[in-house]
K.L.:
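Submitted below is the structure of interest, expressed as structure tokens.
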Amino acid sequence: MKKKTINIALQGGGTHLAFSWGVIDYLLEDGRFAIEGLSGTSAGGLTCAALAQGLEKNGLQGGREELAAFWEMVVEQGALLGLAPSYIDRMFGLYGMDYSLPLSIVNTLLFAGFLPFPWSPFGLNNFKKLLNNFFDFEKLSQNKEIKLFLTATNVLNSKLKIFTGEELTVEAFMASACVPHYSQTVEIKGEFYWDGGYIGNPSLFPLIYNCDSPDILVILVVPYQINTLPSTVKNINWRMHDLFLTNTLVREMRAIEFVTNLINQQTRDNSKSKKVNVHVIEDNQFFADLDPSSRLNTDENFLKILYERGRAVAAIWVEKNYDNIGKRSTFDVKETFV
């Protein structure tokens with residue numbers, strides 16, 4: 001059976017990435033997809049890395065097993081840190097974390113101006129140890145079959161940094177996932193980095209310029225549209241955060257749409273321009289209805305809901321769009337983002 005080759009791009013979004021895990025798990029189980037490139041930011045970057053590591057170990061089944069192991073580790077570490085909804089949170093529903101004791105303490109210190117500490121409140125060294133225990137960075141940096149790209153933000157010069165190949169060290173992983181209020185800034189070769197979501201969430205251009213496949217599948221977990229105007233300080237802050245994270249993706253997709261239209265109109269030399277097919281799997285209303293703080297929720301039952309939701313949405317998408325992969329885009333950028 002000849003497989004269709006795609007590239008995958010994953011947003012950052014905390015534990016909401018368990019939805020992306022479910023999507024990818026379904027695609028791997030389907031068996032008709034080959035993956036050439038992976039681009040991810042923050043939690044999306046870690047998920048991409050787990051997938052790349054699994055694919056290198058044992059193909060599609062290895063990818064499924066490694067993703068499951070990665071998210072099992074997330075559950076275990078979350079339990080140790082107490083990152084689960086409190087009784088009060090459960091009363092309000094929507095899987096929020098507003099009354100979780102560990103987060104309440106950290107957020108209170110942040111508001112009072114006592115943070116950031118010179119060390120991470122959630123254990124920077126512990127995070128580094130976890131990454132070293134789970135990932136084989138030497139193999140990831142030398143993997144020629146799967147092209148892996150992690151996005152980080154250079155704090156001082158506002159430039160986007162893509163870590164790939166031999167640059168895929170444990171420090172690069174920490175840089176891509178460095179949320180400045182909760183983690184110590186990561187220094188690499190004299191440069192300082194924060195979470196890549198501030199400047200590329202996710203970055204698509206590495207997949208365009210470095211991969212042969214023209215098909216990019218973007219899995220969205222940050223709601224680009226909501227139905228209710230934010231009216232509390234918490235919800236306003238979360239919406240500002242989401243708009244910030246979505247802005248870079250919207251601009252990149254608009255640029256892709258513009259160039260694709262020029263190619264279709266034959267106003268450019270097609271031999272010098274690559275036509276890109278954009279595909280999106282999302283469940284915007286589902287994420288819009290969740291409490292925004294739920295992206296910090298590591299409760300196993302919640303992650304299972306996200307995982308199963310991702311698999312279900314992926315099944316519908318594949319049934320509808322599989323035949324168009326390799327031929328044309330299945331996502332209307334203009335209708336959604338213009």
Side-chain angles (χ1 to χ4, degrees), residues 1-11 13 16-40 44 47-48 50-52 54-55 58-68 70-71 146 202 204 207-208 211-225 227 246 249-250 253 256-257 260 264 275-290 302-338:
M1 176 181 62
K2 186 177 180 180
K3 297 179 181 179
K4 293 196 175 186
T5 302
I6 61 173
N7 303 300
I8 294 178
L10 299 185
Q11 290 184 305
H16 285 184
L17 263 294
F19 173 87
S20 300
W21 165 33
V23 170
I24 296 170
D25 186 72
Y26 182 86
L27 298 180
L28 298 178
E29 183 183 60
D30 181 277
R32 292 178 292 170
F33 297 91
I35 299 171
E36 181 183 5
L38 295 165
S39 179
T47 302
C48 282
L51 173 58
L55 292 172
N58 189 29
L60 300 182
Q61 184 58 33
R64 298 185 69 192
E65 292 171 354
E66 203 74 0
L67 284 173
F70 173 77
W71 283 97
I146 305 296
L204 305 184
L207 302 174
I208 298 173
C211 298
D212 294 326
S213 172
D215 290 83
I216 299 177
L217 171 61
V218 185
I219 304 174
L220 301 182
V221 296
V222 178
Y224 54 83
Q225 179 177 330
N227 299 322
T246 304
L249 175 63
V250 172
M253 282 193 166
I256 293 171
E257 173 79 359
T260 299
N264 290 339
K275 182 178 179 180
V276 177
N277 300 323
V278 178
H279 314 282
V280 172
I281 294 182
E282 51 92 6
D283 195 350
N284 186 79
Q285 191 57 55
F286 173 74
F287 285 109
D289 288 340
L290 289 176
F302 176 57
L303 299 190
K304 185 176 181 180
I305 290 171
L306 291 169
Y307 164 80
E308 294 294 349
R309 187 85 179 191
R311 283 184 55 88
V313 172
I316 296 171
W317 185 88
V318 171
E319 177 69 23
K320 180 180 178 181
N321 297 296
Y322 181 81
D323 290 340
N324 291 313
I325 297 174
K327 299 177 182 178
R328 66 177 185 84
S329 294
T330 59
F331 181 71
D332 192 329
V333 175
K334 182 179 294 187
E335 180 181 340
T336 307
F337 292 136
V338 178

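Just so you know, residue 1 is the first one in the sequence shown, and it goes up from there. FYI, side chains are in, hydrogens and waters are out, and symmetry mates aren't considered; it's all heavy atoms of this structure. Being a predicted model, the structure only gives us computed values, none of them experimental.
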K.L.:
Is there side-chain contact between Val278 and Met253, with heavy atoms separated by less than 4.5 Å?
P.N.:
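They are in contact (side-chain heavy atoms under 4.5 Å apart), so the answer is yes.
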K.L.:
Closer than 3.5 angstrom, by distance alone: can the side chain of Gln11 be matched with the main-chain N or O of Val222 as a donor-acceptor pair?
P.N.:
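Judged by distance alone, yes, a pair lies under 3.5 Å.
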K.L.:
Any non-hydrogen side-chain atom of Thr330 less than 4.5 Å from a side-chain atom of Val280?
P.N.:
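Thr330 vs Val280: side chains apart.
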K.L.:
Check the pair Ile281 / Val313 against side-chain contact (heavy atoms from CB on, under 4.5 Å), numbers first and verdict last.
P.N.:
CA-CA 7 Å; Ile281 294 182; Val313 172; 3.7 Å; yes
K.L.:
Within the side chain of Asn324, is there an N or O that forms a donor-acceptor pair under 3.5 Å with the backbone of Lys327?
P.N.:
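It does not hold such a pair.
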K.L.:
Go through Ile24 and Ile219 one step at a time and tell me if the side-chain contact (heavy atoms from CB on, under 4.5 Å) criterion holds.
P.N.:
CA-CA 9 Å; Ile24 296 170; Ile219 304 174; 3.9 Å; yes
K.L.:
So Pro202 and Leu249, do their side chains get closer than 4.5 Å, heavy atoms only?
P.N.:
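In contact.
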K.L.:
Between Leu220 and Asn284, is a side-chain contact (heavy atoms from CB on, under 4.5 Å) present by the stated rule, with each step listed?
P.N.:
CA-CA 8 Å; Leu220 301 182; Asn284 186 79; over 6 Å; no
K.L.:
Looking only at heavy atoms, which two atoms of Gly44 and Leu10 are closest? And how far apart?
P.N.:
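Looking at all heavy atoms of both residues, the shortest contact is O-CD1, 3.6 Å.
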K.L.:
Using every non-hydrogen atom in the two residues, find where Ala9 and Leu207 come nearest and quote the distance to one decimal.
P.N.:
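Scanning both residues completely, I find the closest heavy atoms to be CB-CD1, 4.1 Å.
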K.L.:
Given His279 and Asp215, is the side-chain hydrogen bond (donor to acceptor under 3.5 Å, both in side chains) satisfied, shown in steps?
P.N.:
CA-CA 7 Å; His279 314 282; Asp215 290 83; 2.6 Å; yes
K.L.:
Show the nearest heavy-atom pair for residues Gly13 and Val221, with the distance to one decimal.
P.N.:
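Nearest heavy atoms, Gly13 then Val221: CA-CG2, 4.2 Å.
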K.L.:
Indicate yes or no: at least one non-hydrogen side-chain atom of Asp25 is less than 4.5 angstrom from one of Leu67.
P.N.:
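No, too far: nothing below the 4.5 Å cut-off.
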K.L.:
Return the set of residues passing side-chain contact (heavy atoms from CB on, under 4.5 Å) with Ile208 (not counting sequence neighbours), or none when no residue passes.
P.N.:
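Expected list: Ile216, Ile256, Lys274, Val276.
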K.L.:
Does the side chain of Asn58 pick up a donor-acceptor pair with the side chain of Glu66 at under 3.5 Å?
P.N.:
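On atom types as modelled, these side chains do not qualify, holding no pair under 3.5 Å.
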K.L.:
Could I get the full list of ring pair (Phe, Tyr, Trp, His ring centres under 6.0 Å) partners for Phe287, not counting sequence neighbours?
P.N.:
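Testing Phe287 for ring pair (Phe, Tyr, Trp, His ring centres under 6.0 Å), a comparison that skips the adjacent residues, returns His16, Phe19.
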K.L.:
Would you find a donor on one side and an acceptor on the other, under 3.5 Å apart, between the side chain of Asn321 and the backbone of Trp317?
P.N.:
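Looks like yes, one N/O pair under 3.5 Å.
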K.L.:
Mind checking side-chain contact (heavy atoms from CB on, under 4.5 Å) for Thr5 and listing every partner two or more places apart, or none if nothing turns up?
P.N.:
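By the side-chain contact (heavy atoms from CB on, under 4.5 Å) rule, Thr5 matches Ala34, Glu36, Ser213.
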K.L.:
In this structure, which one of Ile8, Leu60, Leu27 forms a side chain to side chain contact (heavy atoms under 4.5 Å, CB included) with Phe33?
P.N.:
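For Phe33, the side chain to side chain contact (heavy atoms under 4.5 Å, CB included) check succeeds only for Leu27.
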K.L.:
Starting from the C-alpha separation in whole Å, work towards a yes-or-no answer on side-chain contact (heavy atoms from CB on, under 4.5 Å) for Glu29 and Gln61.
P.N.:
CA-CA 8 Å; Glu29 183 183 60; Gln61 184 58 33; over 6 Å; no
K.L.:
Which value, rounded to the nearest 0.5 Å, describes the distance between Ile35 atom CD1 and Cys211 atom SG?
P.N.:
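Interatomic distance, Ile35 CD1 to Cys211 SG, rounded to 0.5 Å: 11.5 Å.
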K.L.:
Restricting to non-hydrogen atoms, name the atom on Leu55 and the atom on Leu28 that form the minimum distance, rounded to 0.1 Å.
P.N.:
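Heavy atoms of Leu55 and Leu28 come nearest at CD2-CD2, 4.2 Å.
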K.L.:
Let me confirm one number: the CH2-OG distance from Trp71 to Ser20, rounded to the nearest 0.5 Å.
P.N.:
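Between Trp71 CH2 and Ser20 OG, I get 8.0 Å after rounding to 0.5 Å.
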K.L.:
Report yes if some heavy atom in the side chain of Leu38 is under 4.5 Å from a heavy atom in the side chain of Asn7; otherwise report no.
P.N.:
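Side-chain contact under 4.5 Å: no.
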K.L.:
Could you list the residues that satisfy side-chain contact (heavy atoms from CB on, under 4.5 Å) with Lys4, not counting sequence neighbours?
P.N.:
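Tyr322, Ile325.
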K.L.:
With Phe70, which residues qualify under side-chain contact (heavy atoms from CB on, under 4.5 Å), at least two apart?
P.N.:
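side-chain contact (heavy atoms from CB on, under 4.5 Å) check on Phe70 returns Leu46, Thr47, Ala50, Met73, Val74, Phe134, Phe135.
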K.L.:
Output all residues satisfying ring pair (Phe, Tyr, Trp, His ring centres under 6.0 Å) with Tyr224, sequence neighbours left out; order by chain, then residue number.
P.N.:
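Only Phe337 meet the ring pair (Phe, Tyr, Trp, His ring centres under 6.0 Å) criterion with Tyr224.
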K.L.:
At their closest point, which heavy atom of Leu303 faces which heavy atom of Ala18, and how far apart are they?
P.N.:
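Leu303 and Ala18 have their closest heavy atoms at O-CB, 3.8 Å.
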K.L.:
Between Asn277 and Ser329, what is the shortest heavy-atom contact and its length?
P.N.:
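Here Asn277 and Ser329 meet closest at CA-OG, 3.3 Å.
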K.L.:
Quick one: do Asp30 and Arg32 make a salt bridge, cutoff under 4.0 Å?
P.N.:
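Looking at Arg32 together with Asp30, the answer is yes, because their closest N to O distance falls below 4.0 Å.
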